[in-house]
Protein chains: 2
Amino acid sequence: MNTIPHITDAEWEVMKELWNKSPRTANEVIEALQDRTDWKPKTIRTLLNRLNQKGAVSFLQEDRVYAYYPLVSEDECVRAETRSFLKRIYGGAFKPMFVNFLKDEQLSEEEIRELKRLLDDKTK
Amino acid sequence: MNTIPHITDAEWEVMKELWNKSPRTANEVIEALQDRTDWKPKTIRTLLNRLNQKGAVSFLQEDRVYAYYPLVSEDECVRAETRSFLKRIYGGAFKPMFVNFLKDEQLSEEEIRELKRLLDDKTK
DNA sequence: CTCTTTGGATTACAAGTGTAATACAAATAT
DNA sequence: ATATTTGTATTACACTTGTAATCCAAAGAG
């Protein structure tokens with residue numbers, strides 16, 4: 001039942017704020033986003049509205065003002081996005097993506113050890 | 001100069017066919033996609049057209065028929081998409097994504113060994 | 001009590017996308 | 001030479017997304 005709504009790029013920025021701390025009023029979210037974006041307040045209100053309509057957030061009414069909070073966790077959204085990305089680009093397989101990434105990116109010795117450690121933990 | 005055009009989900013399916021083998025006529029692409037999708041031939045022609053317009057593919061005229069081929073490599077598209085995905089969801093860092101994926105997915109012993117081997121190769 | 005401000009609700013509007021159908025010209029069949 | 005088929009070009013149309021502006025009601029200012 002708990003289908004995760006699709007969150008667009010712009011909406012994602014708003015969600016990040018709410019995942020970071022919630023509930024927060026529209027104005028609080030707007031202020032928080034002033035640094036990272038150049039969106040007008042109205043734009044951010046639109047995004048909050050759409051997120052509400054698609055069931056990604058809800059709000060409490062404090063005074064005359066809404067305080068929004070997420071209805072979907074960052075974790076599940078991240079996983080959903082990752083899965084759909086992997087499916088689209090790599091046919092769902094992690095390994096090719098991993099290989100490709102390794103080709104592309106140069107990781108430090110330390111990072112490589114780190115990743116191996118993570119794999120080790122997985123074995124147990 | 002070589003900016004990679006944005007390739008949509010549907011277009012990506014078409015590109016996969018052309019990356020797989022090219023040049024191919026519209027009809028060949030259409031036939032190849034009959035299995036994997038339920039798109040009408042006209043739809044696929046539209047996609048080929050759009051890909052052409054955005055500079056992702058071009059074509060040779062054979063007889064009266066176009067044979068399409070990619071202008072952008074799978075590799076660069078995949079990398080571009082991966083980067084933008086990582087940026088959007090994980091703030092650009094690979095490790096959190098890796099961690100998250102490991103949490104989510106159960107890999108076989110063999111797969112884990114495989115990944116470790118890949119990391120080993122990287123060290124040399 | 002009216003005037004202004006402010007927050008939420010509604011509306012806007014162009015570009016991009018999914019998903020085709022229609023129009024047209026050339027090749028083919030008759 | 002026409003009629004039909006077939007491939008390409010053009011057009012369609014609703015939904016999503018980015019990016020707001022306008023409308024309206026309630027709260028606060030005077």
Side-chain angles (χ1 to χ4, degrees), chain A residues 3-18 23-34 36-69 77 80-81 84-85 87-89, chain B residues 3-18 23-34 36-69 77 80-81 84-85 87-89:
Chain A
T3 306
I4 298 152
H6 180 243
I7 294 168
T8 72
D9 283 21
E11 288 164 0
W12 197 271
E13 293 304 314
V14 174
M15 289 306 288
K16 279 203 265 195
E17 286 306 324
L18 294 179
R24 301 173 96 169
T25 66
N27 275 338
E28 284 166 344
V29 173
I30 286 165
E31 175 151 15
L33 285 170
Q34 282 316 289
R36 300 200 284 105
T37 72
D38 51 356
W39 294 336
K40 301 284 181 298
K42 298 286 186 185
T43 300
I44 296 169
R45 283 173 189 282
T46 298
L47 294 172
L48 282 167
N49 233 291
R50 286 182 182 168
L51 285 167
N52 178 246
Q53 278 169 18
K54 58 174 71 170
V57 309
S58 187
F59 53 80
L60 311 159
Q61 192 136 6
E62 301 181 342
D63 312 296
R64 296 296 126 205
V65 172
Y66 293 173
Y68 293 88
Y69 60 92
C77 286
E81 287 298 317
S84 101
F85 165 75
K87 178 150 178 259
R88 185 162 85 91
I89 306 299
Chain B
T3 306
I4 297 152
H6 180 244
I7 293 168
T8 73
D9 283 22
E11 287 164 0
W12 196 273
E13 293 303 316
V14 173
M15 289 305 288
K16 279 203 266 194
E17 286 305 324
L18 294 179
R24 298 172 97 169
T25 66
N27 275 338
E28 282 166 345
V29 174
I30 287 165
E31 175 151 16
L33 284 171
Q34 282 317 289
R36 300 199 285 106
T37 73
D38 51 357
W39 295 334
K40 301 284 182 300
K42 297 286 184 184
T43 300
I44 296 169
R45 281 172 190 283
T46 298
L47 295 173
L48 282 167
N49 233 292
R50 286 183 183 167
L51 284 167
N52 178 244
Q53 278 168 20
K54 59 175 71 171
V57 309
S58 186
F59 54 79
L60 312 159
Q61 193 136 6
E62 301 182 340
D63 311 296
R64 295 298 124 204
V65 172
Y66 293 174
Y68 293 88
Y69 60 91
C77 287
E81 287 298 316
S84 101
F85 165 75
K87 177 148 180 261
R88 184 161 86 92
I89 306 298

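So that the names make sense, note that chain A is the first sequence line, chain B the second, and so on, each numbered from 1. Side chains included, hydrogens not; waters and symmetry mates left out as well; all remaining heavy atoms used.
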Contact summary for A:L60 and A:P23, nearest pair of heavy atoms: CD1-CG, 4.0 Å
Residue pair A:I4 / A:C77: nearest heavy atoms and the distance that separates them: CG2-SG, 3.9 Å
Please report, rounded to the nearest Å, how far the [atom2] atom of [N] is from the [atom1] atom of [X].
{"X": "A:N52", "N": "C:dG7", "atom1": "CG", "atom2": "C1'", "value": "15 Å"}
{"X": "B:L33", "N": "C:dA20", "atom1": "CG", "atom2": "C1'", "value": "15 Å"}
{"X": "B:L48", "N": "C:dT19", "atom1": "CG", "atom2": "P", "value": "15 Å"}
{"X": "B:W12", "N": "C:dG16", "atom1": "CH2", "atom2": "P", "value": "18 Å"}
{"X": "A:Y66", "N": "C:dT6", "atom1": "OH", "atom2": "C1'", "value": "14 Å"}
{"X": "B:R45", "N": "C:dG18", "atom1": "CZ", "atom2": "P", "value": "19 Å"}
{"X": "B:I44", "N": "C:dG18", "atom1": "CD1", "atom2": "C1'", "value": "13 Å"}

Phosphate OP1/OP2 of C:dT10 contacted by A:N49 side-chain N/O (<4.0 Å): no
Contact under 4.0 Å: A:T25 side-chain N or O vs C:dG7 OP1/OP2: no
Option from A:R50, A:K54, A:K16 for which salt bridge (Lys or Arg N to Asp or Glu O under 4.0 Å) with A:E11 holds: A:K54
Worked verdict on B:F85 versus A:I89 for side chain to side chain contact (heavy atoms under 4.5 Å, CB included): CA-CA 11 Å; B:F85 165 75; A:I89 306 299; over 6 Å; no
Residue pairs, two or more places apart or on separate chains, that pass ring pair (Phe, Tyr, Trp, His ring centres under 6.0 Å) and touch residues 40-66 of chain B: B:F59-B:Y66, B:F59-B:Y68
Check whether any side-chain heavy atom of [X] sits under 4.5 Å from a side-chain heavy atom of [Y], and report yes or no.
{"X": "B:V14", "Y": "B:I7", "answer": "no"}
{"X": "B:Q34", "Y": "B:I44", "answer": "yes"}
{"X": "A:V57", "Y": "A:M15", "answer": "yes"}

Under 4.0 Å protein heavy-atom contacts per nucleotide of nucleotides 21-26 of chain C, with B for base, S for backbone only and - for none: BBB--S
Sugar-phosphate only, base, or nothing, as touched by A:T43 at under 4.0 Å among non-hydrogen atoms: base
Positional range of nucleotides in DNA chain D within the contact set of chain A, heavy-atom, under 4.0 Å: D:dT17 to D:dA27
The single option from B:L48, B:I30, B:V65 passing side-chain contact (heavy atoms from CB on, under 4.5 Å) against B:T25: B:V65
